[in-house]
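This chain uses plain numbering: 1 for the first residue, then up along the sequence.
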Amino acid sequence: MTSFKYKLLLARRAKVFALIISLITTTNVLGQTVDQFNSWWYYFGTYHINDKWNGNLLYSWSRHDFIQDWQISKLGLSTNRKLTQNLSIGASYEWAIVFPYGELPVPEKRREHRFLERISVRDKFQKITISSVLEIEQYFSNKDFLHRVRARFGFRFPLVMNDKGEQKLGMTFFEQVFIDVGDGSPCIGQNRYYGGFDLGVARNATLAVGYLN
């Protein structure tokens, strides 16, 4: 029975991952890249309303040259509806201020209003949690109205548990692709890889430290 469930899990993961790969491989890749050293400081809270509904509060304080210059200030609100044990849908609003920074800066400081619709699939095999998220985004940047797709695939697993079965130390890995869509051919705007450690500091609080490329 365990082997059968594992095969079903792999089949579902393969379908989702194939969809993400097909989106990536049919887009154009932007040519300009530059090395930068930035730091992103996040607060992300999940607030449960009942067994089906929850909300999220996000604030991101991003700095360029570690902490020397402003990069992005972002505030986000989300609501999520659990459809099944492994499937949920949601919607988000983000208010962001993007500052000129680095060797390839944006032309000017801009404010963005972002609206996102989301579908999330989560599975668990033994102690490993596997997640896939697909988001459709519409955002106003100054006077422009733009569209893009966010696709994310990742997994996390515990390293150290306490005697109550709660995670004290774990690891998280994911890849997230931002695909710009509009009048022309879709193109990859960003491709992010993340790996980090999750430290349980309290019953309902986790401190995460990681590296994003």
Side-chain angles (χ1 to χ4, degrees), residues 29-47 54-78 80 90 92-116 118 120 129 131 133 135 137-144 146 148-160 167-180 187-213:
V29 180
L30 297 180
Q32 285 183 305
T33 61
V34 63
D35 290 330
Q36 298 179 142
F37 181 51
N38 305 317
S39 63
W40 291 10
W41 308 82
Y42 274 87
Y43 169 79
F44 185 83
T46 299
Y47 304 92
N54 68 65
N56 303 124
L57 173 63
L58 162 71
Y59 179 68
S60 172
W61 184 71
S62 305
R63 305 289 289 183
H64 177 58
D65 280 340
F66 189 52
I67 58 172
Q68 182 174 340
D69 303 312
W70 268 107
Q71 183 188 17
I72 301 173
S73 175
K74 181 172 68 175
L75 177 67
L77 298 171
S78 303
N80 305 285
S92 302
Y93 167 74
E94 295 179 351
W95 178 70
I97 303 176
V98 181
F99 297 82
Y101 67 92
E103 298 180 31
L104 300 173
V106 296
E108 60 183 352
K109 176 181 174 181
R110 65 175 188 248
R111 289 173 173 81
E112 296 183 354
H113 299 275
R114 305 171 180 176
F115 302 89
L116 300 102
R118 173 175 55 261
S120 305
T129 300
S131 62
V133 181
E135 294 178 308
E137 179 182 5
Q138 309 85 40
Y139 65 104
F140 296 88
S141 179
N142 288 352
K143 297 181 180 180
D144 297 324
L146 306 170
R148 65 183 174 187
V149 176
R150 301 183 186 186
R152 171 173 165 167
F153 176 80
F155 61 93
R156 58 184 176 85
F157 56 91
L159 296 175
V160 179
Q167 176 179 291
K168 298 301 294 180
L169 179 65
M171 294 193 72
T172 297
F173 298 92
F174 70 76
E175 178 183 8
Q176 185 175 31
V177 180
F178 291 70
I179 302 172
D180 298 323
C187 64
I188 297 178
Q190 298 182 46
N191 190 5
R192 300 176 177 177
Y193 297 91
Y194 172 85
F197 293 95
D198 306 317
L199 177 64
V201 295
R203 184 174 179 271
N204 294 318
T206 300
L207 175 66
V209 179
Y211 171 75
L212 180 72
N213 188 302

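Between the side chains of Tyr42 and Ser62, no donor N or O sits under 3.5 Å from an acceptor N or O. A donor atom on one side chain and an acceptor atom on the other are found under 3.5 Å apart for Tyr101 and Gln71.
Within a 6.0 Å radius of CZ in Phe197, no more than 12 heavy atoms belonging to other residues, nucleotides or ligands are found. Other residues, nucleotides and ligands contribute more than 12 heavy atoms inside 6.0 Å of the CH2 atom of Trp40.
Annotation: the span from Ile97 atom CD1 to Lys74 atom NZ amounts to 13.0 Å, rounded to 0.5 Å. Atom CD of Glu137 sits about 10.5 Å away from atom CZ of Phe115, to the nearest 0.5 Å. In this structure, OH in Tyr93 is found 8.0 Å from CG in Leu75, a value given to the nearest 0.5 Å. Arg111 contributes atom CZ, which lies 11.5 Å from atom OG of Ser141 (distance to the nearest 0.5 angstrom). Atom CZ of Phe157 and atom CE of Met171 lie 5.5 Å apart (nearest 0.5 Å). Between the NZ atom in Lys168 and the CG atom in Leu159 there is a gap of 13.5 Å [rounded to 0.5 Å].
Using modelled atom types, no side-chain atom of Lys109 and backbone atom of Phe99 make a donor-acceptor pair closer than 3.5 Å.
Counting all heavy atoms, side chain and backbone alike, Thr206 lies closest to Val201 at N-CG2, 4.3 Å. When every heavy atom of Asn56 is checked against every heavy atom of Asn80, the shortest pair comes out as OD1-ND2, 2.7 Å. The shortest non-hydrogen separation linking Tyr139 to Asp180 is OH-OD1, 4.5 Å. The minimum heavy-atom distance linking Pro100 with Glu108 is given by the pair CG-C, 3.8 Å.
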For the pair Ile188 and Val177, evaluate side chain to side chain contact (heavy atoms under 4.5 Å, CB included) and give the outcome as yes or no after the intermediate values. CA-CA 7 Å; Ile188 297 178; Val177 180; 4.1 Å; yes
Using the side chain to side chain contact (heavy atoms under 4.5 Å, CB included) rule, take Arg118 and Ser78 through it: C-alpha gap first, then chi angles, then the decisive distance, then the call. CA-CA 10 Å; Arg118 173 175 55 261; Ser78 303; 3.8 Å; yes
Go through Phe173 and Arg156 one step at a time and tell me if the side chain to side chain contact (heavy atoms under 4.5 Å, CB included) criterion holds. CA-CA 6 Å; Phe173 298 92; Arg156 58 184 176 85; over 6 Å; no
Before giving the answer on side chain to side chain contact (heavy atoms under 4.5 Å, CB included), spell out for Tyr43 and Trp61 the whole-Å C-alpha distance, their side-chain angles and the decisive distance to 0.1 Å. CA-CA 9 Å; Tyr43 169 79; Trp61 184 71; over 6 Å; no
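Aromatic pair Phe174/Tyr194: centroids less than 6.0 angstrom apart.
At least one side-chain heavy atom of Leu57 sits under 4.5 Å from a side-chain heavy atom of Leu77. No side-chain heavy atom of Asn213 sits less than 4.5 Å from a side-chain heavy atom of Asn191.
A side chain to side chain contact (heavy atoms under 4.5 Å, CB included) with Arg150 is found for exactly one of Gln176, Arg192, Gln190, namely Gln176.
Among pairs with a residue in residues 195-204, those fulfilling side chain to side chain donor-acceptor pair (under 3.5 Å) read Thr172-Asp198, at least two apart in sequence or across chains.
A cation-pi arrangement is absent between Arg148 and Phe178 under the rule of less than 6.0 angstrom and at most 45 degrees off the ring axis. Figure legend: Arg63 and Trp70 shown as a cation-pi pair, the cationic atom lying under 6.0 angstrom from the six-membered ring centre and within 45 degrees of its axis.
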